[in-house]
Amino acid sequence: MTQSYDPKSFEASWQAHWLEHKTFRAHGPGDTDFDASKSKYYVLDMFPYPSGAGLHVGHPIGYIGTDIIARKKRMQGFNVLHPMGYDAFGLPAEQYAIQTGKHPSVTTENNIATFRAQMQNIGLSYDWDREFATCTPDYYRWTQWIFARLYDRGLAYQTEVPVWWCENLKTVLSNEEVINGRSERGDHLCIRRPLRQWMLKITAYADRLIEDLELVDWPASVKTMQTEWIGRSEGAEIDFQVAGHDAKIRVFTTRPDTLYGATFMVLAPEHPLVDQITSQEQREEVKTYREAAASKSELDRTDLAKGKTGVSTGAFGLNPLLDPLDPAARIAIHVADYVLMGYGTGAIMCVPAHDERDHEYALRFDLPILPVVAPRDGAQPEGCWGGEGLAINSPLWDGLATTEAKQKAIQELQQRSLGQPKVTYRLRDWLFSRQRYWGEPFPVLHCEDGTHKRVADEDLPVELPDMDDFAPSEDGRPPLSKVPSWVEVTDPVTGEKYLRDTDTMPGWAGSCWYYLRFMDPHNSDAFASKEALDYWGNVDLYVGGTEHAVLHLLYARFWHKVLFDEGLVPTAEPFQRLFNQGMLQAFAYKDPGGRLVSSDEVTVDGSEARLTADGTPLEQVVAKMSKSLKNVVNPDAVCAEYGVDTFRLYEMFMGPLAESKPWNPRDVPGARRFLERLWRLFVDQEGDSPIREDLLQASEGELVGEALEIERAWNPCLVRINDSFENFNFNTAVAALMEWLNTATKNRAGFRRDQAQRVVCALAPFAPHLAEELWQRLGHKAGTVSFAPWPDVDERYLGSDTFELAVQVMGKLRGRIDAPRSASKDDLEALARQAVADRLEGSTVRKVIVVPGRLVNFVVS
RNA sequence: GCGGGAUUGGCGGAAUUGGUAGACGCGCGAGGUUUAGGUCCUCGUGGGCAUUGCCUGUGGGGGUUCGAGUCCCCCAUCCCGCACCA
């Protein structure tokens, strides 16, 4: 009888064992088995939107990473919270419903079942008792409840705003969901259109959202992106009188110190004053320009390559610090679309000497250019110069440095009531409503008098009505408005009539607080108990892709801060450490014309790739996995062919978790071979015993001979495994295990039980099924290795008594000798001198560098 | 245009943070076990020249240093953000 490594024979049963025994159940406050003395560790994956396509091998790469971390933390004695759920409201299920008539709740449920099965098949150690989907009333009741808190704080309001409207999707989208005038989902054209919408006042938190980035351990790039997205800029608002009109134009500028250099002004085409101030002669031209600007797509308008356009209004503004009769005070007012209505005041003062955009415009329209800042070194800058220097041509602050000049300018303007300091943000308030069905209804009732009030907390949730026609109306009215029985509400006590709000919340709502629900997912009295919130605190480690660097992470931080202000959560920030995993790519093939070829048309022979049809040579490149290239790999198929542990190990062995790297099917068997060789170290394939008989003997006595060799290889290996948890470069941990196995295999006969047990423990996070199997075969009949103690490094066995000393002459390697670790610097130098004696002959040694444990370098002449 | 990250064998990637470049795996080559193929085992494998050995080599160029993949300056290519934000 042979017993070869056969993962199929035990992987599924260990998965069943974990589920059945609730091995990974996290016990929190209120649970009978809760042990408050244990330190908590909360490690969370960004939860997925359960799409119909299921998982591909790219999804689980982060999940496997966090699983390894969670498993190790458990073995280190932490109470680990490691949950999974589904971000289940959203457009795709609804679009699918419109096409097929299948209710989104049905397709969502089916998709969730697929995702769950796939994740359980990978052996991820989630606490499945905490699983939930954001689209269930139990959950969105609390999403609505949190919305009510925002509503009560005045952070949710309705207003008529120009919003992005997507005709294809029949809904408005937030700024963040529109890229260059097209929808992020589906890439449909979007237009600006004024509509009454729910807004969340995220701008009220802008400063704290910037400042509190200091409290978290996040990648610098993500912090930068968020900071830039919020886009805080300090400056001043200044009022310019319009000559001959009873009108003032308020501008925002970050450079009030350049006020004397303002030689013209520009209004955005949508600016409300344009009509009022435009002169008779210019009226027609301005009208044409504004119409053109309105019909231009955002893409055209923001296309920098096209150069600046604009027209004069024929009106003039007056520099507030100059005598109105001074000809220099009179500056032309233009309309140009390089000024955006949505930022600042929609009007600017233009200083072409010190602003590139104004400079370009001035040259084009032959407007005057007056320098008001000079470089400190006295140089004469050519063209436009945006740097800081000393003020010139500025009577009230001539000679002041830019920073002081700004302050002085603001002070002078304030004294004259002509302006004041102002902070402006690029961040806009969050457009929070969608004209869709598959989302959280707003818990808001509209009264007959036009006011609105929120639904009482005890009446939550406001459940979605059951419908079967989800198509939006042609006029853009939301699907929910088609259910009068749901919309019309009569107060049972007062008899007053109300209409329900028929918008729904955007897909981001549910994911703003799900990490809190995981702490206490079945609580029906609160979104989570105070005890659970206090114990679990915030997320220690949050892992996901960079695509959420701004939107999700900014929204969630905003909601969290509101809850913090309500005294409902104990921390200011939700995610203490953030880690972005890299994207999993795939090989693709390019034909000589540079076209990517679908992988089913390619024949690969060794390192040569050719077009199957006619043998055209192809170039191998790395690209995203995509359906069109047919290079998507399904994890189920990989697990079925090689086993789950092989799949997990390969995903980690590919490279550091943070890096993007290509899936290479050719490399997968290498991971499998490693597990087979490991198996053979433990199990005598020709025998009947579940494990080598000698591994059942208690280990006794000094470590000598082969056992000592194994031990000396093991401890450095364990150091490398431990180190790999710093930056999640588990590839080095797997490599260390492989190296150890090479040594251990050579010294197979000396392998001892105590060593075997430590190896199985260290292996457990990476290849948990194999580890459980070997642990049981080692005689741990009832238990699981999941809570066995993580092994310690034994410093005594970290190195051998000798090391390889590199001997260099003039920095070039000239010899390698074995040297005792205990040797002094002088001993090492003597040994090295001996080793390269022939090379030193005839030259003078001017200097000797000795690095103990490494090398000796002779500098000669 | 601005900001960030990268660039190491045929491929994925290591490198104790300034100290023996290419660990580990894949692929490839040679040999062994096997009736044969596969599996498995052993050895080799950056490039060049060569009898031992030598030269060269981390995208390109320059610099600091006894010593540079690692630090500094310049350049190229690729990827990711942002992109008229006043």
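Every heavy atom of this structure was used, including side-chain atoms; hydrogens, water molecules and symmetry mates were not. Lettering of chains follows the sequences in order, A, B, ..., and the numbering in each one begins at 1.
Take the nearest nucleotide of RNA chain B for A:M225 and for A:Y425: the residue whose nucleotide is more 5' is A:M225.
B:rG4 and B:rC55 are spaced 40 Å apart, taking the C1' atom of each and rounding to whole Å. Remark: the separation of the P atoms in B:rA50 and B:rG37 is 36 Å, to the nearest Å. Separating the C1' atom of B:rU20 from that of B:rA15 is a span of 11 Å, rounded to the nearest Å.
Between the CH2 atom in A:W679 and the CG atom in A:L675 there is a gap of 11.0 Å [rounded to 0.5 Å]. To the nearest 0.5 Å, atoms OH (A:Y260) and CE (A:M349) are separated by 11.5 Å.
Remark: C1' of B:rA23 and CG of A:L741 are 15 Å apart, rounded to the nearest angstrom. A straight line from CG of A:L340 to P of B:rC82 spans 16 Å, rounded to a whole angstrom. In this structure, A:L675 places its CG atom 13 Å from P of B:rG25, rounding to the nearest Å. Nucleotide B:rU52 holds its C1' atom 15 Å from the CZ atom of A:R814, rounded to whole Å. B:rG25 atom P lies 17 Å from atom CZ of A:R672, rounded to whole Å. One interatomic measurement links the two molecules: NE2 of A:H359 to P of B:rG1, which rounds to 19 Å at whole-angstrom precision. Look at CD on A:E228: it is 13 Å from C1' on B:rC80, rounded to the nearest Å. One atom, CD of A:E829, and another, P of B:rC66, lie 17 Å apart when rounded to the nearest Å.
Note on A:S233: only backbone sugar-phosphate atoms sit closer than 4.0 angstrom, heavy atoms only; bases stay farther off.
OP1 or OP2 of B:rU56 lies within a sub-4.0 Å distance of a side-chain N or O belonging to A:K812.
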Open item on the list: In dot-bracket form, 5' to 3', how is RNA chain B paired? Count Watson-Crick and G-U wobble pairs only if both distances fall under 3.5 Å, and write | where the partner sits on another strand.
Closed with: (((((((..(((......[....)))((((((.......))))))((((...))))..(((((..]....))))))))))))....
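Listed by chain and number, the residues in a ring pair (Phe, Tyr, Trp, His ring centres under 6.0 Å) with A:H334 are A:Y361, A:F365 (sequence neighbours excluded).
Between A:D257 and the options A:V351, A:I410, A:V373, a side chain to side chain contact (heavy atoms under 4.5 Å, CB included) holds for only A:V373.
In this structure, A:K825 does not pair ionically with A:E829, as no charged nitrogen and carboxylate oxygen lie closer than 4.0 Å.
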Any protein N or O atoms within reach of nucleotides 38-49 of chain B? Criterion: under 3.5 Å, listing atom names and distances.
unit_1, atom_1, unit_2, atom_2, d
B:rC40, O3', A:R680, NH2, 3.1
B:rC41, OP1, A:R680, NH2, 3.2

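Among the nucleotides B:rG3, B:rC24, B:rC84, the one closest to the side chain of A:K308 is B:rC84. When the nucleotides B:rC24, B:rA86, B:rC54 are ranked by their closest atom to the side chain of A:R839, B:rC54 comes out on top. Comparing B:rU56, B:rC82, B:rG4 by their nearest atom to the side chain of A:R426 picks out B:rC82.
Using the six-membered ring where Trp is involved, A:F730 and A:F728 have ring planes that are tilted, between 30° and 60° apart.
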Report all side-chain donor-acceptor pairs from residues 803-815 of chain A shorter than 3.5 Å, counting only partners two or more places apart or in another chain.
none

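Within the structure, every pair that satisfies the salt bridge (Lys or Arg N to Asp or Glu O under 4.0 Å) test and touches residues 719-742 of chain A, not counting sequence neighbours, is listed here: A:R720-A:E739.
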Task: Letter per nucleotide, 5' to 3', of nucleotides 11-21 of chain B [B base touched, S only sugar-phosphate touched, - untouched; heavy atoms, 4.0 Å] - done: SBSS-B--BB-
